[in-house]
Asker: 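Dumping the structure here so I can ask a few things about it.
Counting starts at 1 for both ligands and their atoms, following the listed order.
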Amino acid sequence: MRKYVIMGVQGSGKGTQSELLAADLDIVHISVGDIFRWNVQNHTKMGAQVRRIMASGELVGDDLVESVVQTRLTEHDWNFGFIVDGFPRNRRQAEFFLESYDIDAIILLDLPDSEVRRRVLNRRLCVGCGINYSLIDNSPAVPGRCDTCGGELTTREDDTEEALAVRLRTYHEKTNPVLDLFRRKEYVITVDARPAPEVVQAEIRQQLGLPPAKPQEDQQVGQQEDQGNERA
Ligand code: ADP
Ligand code: ZN
């Protein structure tokens, strides 16, 4: 059983790295942001509640977030463990989490703010299959179209200069202090998030003391597979 939390600023690659680790270790990737985006896309009640908050770059209220995480974790389809991405983001959420679960390690992806802007503003998402593209180093063959499914590529509603500024400020003000709390109690590993995804993944595994990844032919970096999140 392995229980991890992955942290890092916007665009540091939390989703990509979580997917890689989850696929290989057979653990469940729980992305709070993905759960909210799924609800927005599918026009659920929760989606209506969080849409504007997310688009502005603010944090969703703690009560709602905590119930989403708790519901997802009590589903218990995580026999081999889980990796939580996007939670906790402030002191209250961290305390809630530490009371309820024994975490094996916190993975911190370290990226300078200058690189954050470049990555986030060049990020595109396929509406069809959820694959992420980067116009910097991973452009689609046909502009605006997904290589895999032909779907339309869009920009996340909160990947704008304005919302990003809010998100970054919140990260530094509220999320960074959580790390100090974790450093006292848990095992935090810090990984340089600037290199290519495979390099970052190898470094994470090395620091966690895991063997190198098994080769996986059909695995798509950045693919969102976890549509089961709708129940949360
Ligand atoms: P990022 O890490 O790039 O900001 P996410 O996809 O993790 O993106 O989250 C998107 C948005 O979802 C956040 O800006 C926030 O509005 C909401 N959200 C996600 N996780 C949390 C959380 N733990 N607490 C409050 N709001 C959250
Ligand atoms: Zn696609």
Asker: Can you tell me the protein heavy atom closest to atom 2 (O) of ligand 1 and the distance?
Answerer: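 Atom 2 (O) of ligand 1 sits closest to the protein heavy atom K14 NZ, 3.1 Å.
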Asker: How far is atom 16 (O) of ligand 1 from its nearest protein heavy atom, and which residue and atom is that?
Answerer: E58 O, 2.6 Å
Asker: Hey, does R37 come in under 3.5 Å of ligand 1, counting only N/O atoms on both sides?
Answerer: yes
Asker: What closest approach, in Å, do L125 and G130 show between heavy atoms, and which atom pair accounts for it?
Answerer: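 Nearest pair, atom of L125 first, then G130: CD1-O, 3.6 Å.
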Asker: Under 3.5 Å, is there a donor-acceptor pair between the side chain of K14 and the main chain of G8?
Answerer: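 Checking the backbone N and O of G8 against the side chain of K14, a donor-acceptor pair under 3.5 Å is found.
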Asker: Return the OG to CZ distance between S134 and R118, rounded to the nearest 0.5 Å.
Answerer: 7.5 Å
Asker: Before giving the answer on side chain to side chain contact (heavy atoms under 4.5 Å, CB included), spell out for Q93 and V69 the whole-Å C-alpha distance, their side-chain angles and the decisive distance to 0.1 Å.
Answerer: CA-CA 10 Å; Q93 292 180 9; V69 171; over 6 Å; no
Asker: Once rounded to 10 degrees, what value does the angle at the Zn ion (ligand 2) take between SG (C146) and SG (C129)?
Answerer: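 Vertex at the Zn ion (ligand 2): approximately 110°.
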Asker: Which residue supplies the protein heavy atom nearest to atom 4 (O) of ligand 1, what is that atom called, and how far is it?
Answerer: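 Checked against all protein heavy atoms, atom 4 (O) of ligand 1 sits closest to Q10 NE2, 3.1 Å.
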Asker: Rounded to the nearest 0.5 Å, what separates atom CD1 in I53 from atom CG in L59?
Answerer: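 CG of L59 is found 9.5 Å from CD1 of I53.
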Asker: Could you tell me the residue and atom name of the protein heavy atom closest to atom 1 (P) of ligand 1, and the distance to it rounded to 0.1 Å?
Answerer: R167 NH2, 3.6 Å
Asker: When you measure from atom 8 (O) of ligand 1 to every protein heavy atom, which one gives the shortest distance, and what is it?
Answerer: R156 NH2, 3.0 Å
Asker: Please work out, at 4.0 Å between heavy atoms, whether the side chain, the backbone, both, or neither of K174 comes within that distance of ligand 1.
Answerer: neither
Asker: Which one of M7, Q93, R52, M54 has a non-hydrogen atom at the shortest distance from atom 24 (N) of ligand 1?
Answerer: Q93
Asker: Which word best sums up how the rings of F97 and F87 line up, parallel for under 30°, tilted for 30 to 60°, or perpendicular for over 60°?
Answerer: perpendicular
Asker: Between R51, E66, R89, flag the one that comes closest to atom 9 (O) of ligand 1 by a heavy atom.
Answerer: R89
Asker: Could you identify the single nearest non-hydrogen protein atom to atom 26 (N) of ligand 1 and state the distance to 0.1 Å?
Answerer: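 For atom 26 (N) of ligand 1, the nearest protein heavy atom comes out as V60 N, 3.0 Å.
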Asker: Do D192 and D110 have side chains that get closer than 4.5 Å, going by heavy atoms?
Answerer: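 Heavy-atom side-chain distance check fails, nothing below 4.5 Å.
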Asker: Would you confirm whether E152, through its side chain, and G144, through its main-chain N or O, come within 3.5 Å as a donor-acceptor pair?
Answerer: no
Asker: What residue and heavy atom of the protein are closest to atom 23 (N) of ligand 1, and at what distance?
Answerer: G86 O, 2.8 Å
Asker: Which bit of V65 gets closer than 4.0 Å to ligand 1, counting heavy atoms only: side chain, backbone, both or neither?
Answerer: side chain
Asker: Please confirm whether the backbone N or O of G81 pairs with a side-chain atom of R2, one donor and one acceptor, at under 3.5 Å?
Answerer: no
